[in-house]
Every structure is written in structure tokens, then in C-alpha cells.
Chemist: 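Pasting a structure here, questions to come.
Note that the structure is a prediction, hence the values are computed from the model and not measured.
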Amino acid sequence: MAKAATPKLAVAVSKAGGLGFIAAGYNSDNLEDLLEEAEKLLLQESTPDLKIKAETEGKGPKFLPIGVGFITWSASLGKALPCFPRYCPAAVWLFAPANGFKDIISWADQIRKATAGKTRIWVQVGCVADAVDVVEAIDPDVIVVQGVDAGGHALAQGASIISVLPEISDKLRELRPDPLRQINMIAAGGISDSRGVLAAMALGAQGCVLGTRFLASYECSVTDGYQKAIIDASDGGISTVRTTIYDKVRDIHGWPQGYDGRGLINKTYVDHVAGLSEFDNGNLYREELNRGDAGYGTDGRLTTYAGTGVGLIKKVIPAGDIVKSLHEGINAALYWRGNASRL
Ligand SMILES: Cc1cc2nc3c(=O)[nH]c(=O)nc-3n(C[C@H](O)[C@H](O)[C@H](O)COP(=O)(O)O)c2cc1C
């Protein structure tokens with residue numbers, strides 16, 4: 001999550017048994033600093049479970065149990081690449097190429113070469129056609145199937161994971177009938193607790209991505225005002241909307257055709273719908289920045305990307321506790337099901 005997913009957050013998630021991602025985001029300028037910070041944190045936190053090999057310099061390649069995400073229409077592979085053999089992150093997440101998925105062939109090829117295949121290639125898609133294109137272009141290790149409920153950017157037109165995930169699953173089985181060559185699918189979009197994870201598993205996902213939930217964690221770098229807006233929001237299908245206005249007022253241009261972002265509805269969006277020009281809306285946005293934390297919420301104007309699962313989030317808590325509660329909820333449900341089948 002660009003500007004939110006810091007090394008501190010990624011390490012806390014991995015330490016708790018998930019796989020945390022650092023956002024390299026729109027550019028890769030400070031990737032080396034981010035990975036160095038993550039490495040330091042991992043060495044401090046080192047437990048056998050994390051399989052940190054950062055200290056093995058000289059005895060073999062490092063391996064950091066975290067991932068790195070890139071917005072590929074704007075990030076630079078050339079700048080990012082030298083970091084890969086040096087840090088060997090467990091996974092790279094590629095999203096939104098400018099001209100279709102052939103654009104990420106060089107990303108996948110060069111990263112695989114740089115880490116001898118140790119860095120797994122994850123690609124985020126939002127529809128069946130894109131999933132097929134990705135498989136044909138780069139044979140990814142993981143496809144992240146992101147439904148329209150997700151916070152932040154995604155395809156403007158799409159379906160929720162409840163229909164798109166099983167359809168992609170069926171299509172991938174057609175493309176890859178060999179059970180030993182199945183591609184892992186991870187579900188994203190609208191999942192805030194273990195009930196969502198269990199539902200995604202029932203749809204055929206091997207794992208889940210949670211974004212919005214982690215915005216309300218101690219380790220996330222968003223402001224207090226942003227976190228308060230997340231906690232205050234309810235009824236996510238009503239309180240959030242997909243739009244491009246939240247990029248335009250922040251002078252972010254260049255998203256490929258067909259993408260927008262889901263965020264909490266605030267005055268920027270309400271005025272946009274009422275006909276306020278992008279220029280005037282942008283000026284009001286810049287003025288609102290002076291209000292700091294008070295600029296968030298329904299009466300504010302500051303962009304607050306969030307998914308429809310926002311209404312399930314009630315407290316800011318440590319990221320590790322979020323992962324732990326997901327594991328507990330999943331284990332309890334599976335245990336109950338196991339026992340119920342014996343009745
Ligand atoms: C504030 C925010 C920023 C995000 N930034 C990115 C990004 O830079 N790149 C990306 O691939 N996905 C981004 N996402 C999407 C997340 O990676 C994730 O797939 C999504 O949040 C999952 O849906 P959920 O928010 O409903 O949990 C962002 C999401 C949020 C909420």
C-alpha cells in the first residue's frame with residue numbers, strides 16, 4: 001500500500017506468521033533504504049520461524065521474509081533491480097502495467113535472474129482476461145485476484161471476489177490441467193476478518209490479502225486522522241466509492257485507462273459529483289492539507305483510500321494481533337467443522 005506499508009508494518013506481519021509487503025509504490029527511489037530498514041528490524045526480531053538469513057552474508061544469499069510491491073506503470077525496474085540480489089525479498093508484487101501484461105515480462109525475467117528464482121513473482125489482476133494474459137506472459141508464482149471491494153486502486157469495472165475468483169480458478173485449470181503446475185491464487189478485496197478469509201478459501205483461494213484492515217494498525221504510517229476516519233466509518237458499500245477524483249486533486253496522473261480507486265466518501269467527492277471543477281477541487285484539497293488530522297472524515301477533503309470491509313474495523317491494534325486473530329478465527333472455524341462432521 002503506497003505510503004502506508006512501511007518496513008515496520010511488513011516485518012510485524014511476517015513476524016506474526018503472515019507475509020508483510022513494503023510499498024515501493026510509484027517509484028523505487030528509496031527502495032534500498034526501505035529494505036535496509038526491514039533487514040535491521042528482521043535481525044532484531046529474528047526468530048527461527050522467520051527463517052531470516054540476512055546474517056549469512058558471505059555464506060550465501062540473503063533472504064528477507066517480506067515482499068515488495070511496485071506500481072509498474074510508474075516504478076523503475078532499472079532503479080529497483082540492484083536491490084534484489086542484495087536483499088532477496090521473498091516476493092515481488094507487480095500491479096498496473098501501462099500497456100498490458102507484456103510490460104511486466106522484463107520485470108519477471110530480470111528479478112528471477114537476479115535472485116535465482118528465490119523471489120516469487122506475484123501479479124495483481126481484477127478480471128479473467130487479465131489473469132489469462134499474465135499466465136501467458138510470465139507464468140507467475142501467484143495471482144492476486146483483487147475484487148472491486150478493495151481499497152485503493154483496481155479496475156474501475158469488475159466483480160467482487162465471490163464471482164471473479166472461482167471463474168479465474170476454472171480458467172486457470174483449463175490452461176494448466178496438470179495438478180502439479182497449478183498457480184496459487186490469493187484473494188483481495190473487502191476482507192477484514194477471519195470470516196472473509198474462510199469465505200475466500202471456500203471460493204478456491206490459497207490465501208488472502210488484507211489492506212484496509214492494516215491501515216488501522218500501530219505500525220502503519222498513515223496519520224491519526226486517517227486512522228480515525230477508518231474507525232469511524234461503517235457500512236462500507238455506502239461510505240466508500242470508486243472514483244478517479246481522489247488522484248486528480250492530488251495531482252497524480254498517469255494511471256492506465258480503466259483504473260480508479262476506492263476511498264471513503266468525503267467533500268472532495270461530493271463536490272465533484274455536484275459539478276465542482278477539478279482545478280477548484282484541487283485548490284480546496286491543498287488548503288485542506290493545512291488542517292492536518294481534521295481534514296479527514298466525511299466533512300473533510302483528504303483522500304482516505306479504504307475498501308468496503310471498513311465497517312468491520314473497530315480499533316487500531318498492533319499488526320501482529322490482526323494476523324493472530326485471523327489465524328485464531330480460521331482455526332476455530334475449521335476445528336468446529338471437523339467436530340461437527342463427527343456428530
Ligand atoms: C491505502 C491503500 C493503498 C494501496 N496501494 C496499493 C499499491 O500501491 N499497489 C497495489 O498493488 N495495491 C495497493 N492497494 C491495494 C492493496 O494492496 C490490497 O490489494 C487491497 O487493499 C485489498 O483490499 P482491502 O483493502 O479491501 O483489504 C492499496 C490499498 C489501500 C487501502
Chemist: Is a side-chain N or O of Thr308 found less than 3.5 angstrom from the main chain of Gly190, in a donor-acceptor match?
Modeler: no

Chemist: Going by side-chain heavy atoms closer than 4.5 Å, which hydrophobic residues are tied to Val144, directly or by a chain of links?
Modeler: Leu19, Phe21, Tyr26, Ile71, Trp73, Trp93, Phe95, Trp122, Val142, Leu155, Ile186, Val209, Ile252, Trp255, Tyr259

Chemist: Looking at Glu37 and Lys40, does any basic side-chain N land under 4.0 Å from a carboxylate oxygen?
Modeler: no

Chemist: Do the side chain of Ser28 and the main chain of Leu31 share a donor and acceptor less than 3.5 angstrom apart?
Modeler: no

Chemist: Donor-acceptor pairs under 3.5 angstrom involving side-chain atoms of residues 313-333: please list them, not counting sequence neighbours.
Modeler:
residue: Lys314; atom: NZ; partner: Gly311; partner atom: O; Å: 2.8
residue: Ser325; atom: OG; partner: Ile322; partner atom: O; Å: 3.2
residue: Asn331; atom: ND2; partner: His327; partner atom: O; Å: 3.3

Chemist: Tell me whether Glu278 contacts the main-chain N or O of Ile245 through its side chain, where contact means a donor paired with an acceptor under 3.5 Å.
Modeler: no

Chemist: Checking the side chain of Gln227 only, and the main-chain atoms of Leu215 only, is there a donor and an acceptor separated by less than 3.5 Å?
Modeler: yes

Chemist: Mind checking whether Ile104 and Leu175 sit in one hydrophobic cluster, side chains of I, L, V, M, F, W, Y counted as touching below 4.5 Å?
Modeler: yes

Chemist: Could you grab the distance from atom CD1 of Ile230 to atom CZ of Arg213, nearest 0.5 Å is fine?
Modeler: 10.0 Å

Chemist: Check Phe84 against Thr115 and note the closest heavy-atom contact, atom names and distance.
Modeler: O-CG2, 3.5 Å

Chemist: So if you build clusters from Ile, Leu, Val, Met, Phe, Trp, Tyr with side-chain heavy-atom gaps below 4.5 Å, do Leu198 and Leu312 land together?
Modeler: no

Chemist: Answer yes or no: does atom CD of Gln157 have more than 12 heavy-atom neighbours from other residues, nucleotides or ligands under 6.0 Å?
Modeler: no

Chemist: Do any N or O atoms from the side chain of Tyr285 and from the backbone of Tyr246 form a donor-acceptor pair under 3.5 angstrom?
Modeler: no

Chemist: Please check: side-chain N/O of Tyr226 versus main-chain N/O of Tyr305, any donor-acceptor pairing under 3.5 Å?
Modeler: yes

Chemist: Please check: side-chain N/O of Thr119 versus main-chain N/O of Pro89, any donor-acceptor pairing under 3.5 Å?
Modeler: yes

Chemist: Taking Asp271 first and then Lys267, would you say they form a salt bridge - that is, a charged N and a carboxylate O separated by under 4.0 Å?
Modeler: no

Chemist: Using modelled atom types only, decide if a donor and an acceptor are shared between the side chain of Thr268 and the backbone of Leu302 within a distance under 3.5 Å.
Modeler: no

Chemist: Can you confirm whether Lys102 is buried at NZ, in the sense that more than 12 heavy atoms of other residues, nucleotides or ligands lie under 6.0 Å from that atom?
Modeler: yes

Chemist: Using a 6.0 Å cut-off, check whether atom CZ of Arg286 has over 12 heavy atoms from anything other than its own residue.
Modeler: yes

Chemist: Does a salt bridge link Arg86 with Glu32, judged by any charged N lying under 4.0 Å from a carboxylate O?
Modeler: yes

Chemist: For atom CG of Leu77, decide whether the heavy atoms of other residues, nucleotides or ligands shown that lie under 6.0 angstrom number more than 12.
Modeler: yes

Chemist: So does Val148 get a backbone contact from the side chain of Arg262, meaning a donor-acceptor N/O pair under 3.5 Å?
Modeler: yes

Chemist: Could you state the interatomic distance from CD1 (Ile111) to CZ (Arg120), rounded to the nearest 0.5 Å?
Modeler: 13.5 Å

Chemist: Is the backbone of Arg176 close enough, under 3.5 Å, to the side chain of Arg181 for a donor and an acceptor to pair up by distance?
Modeler: no

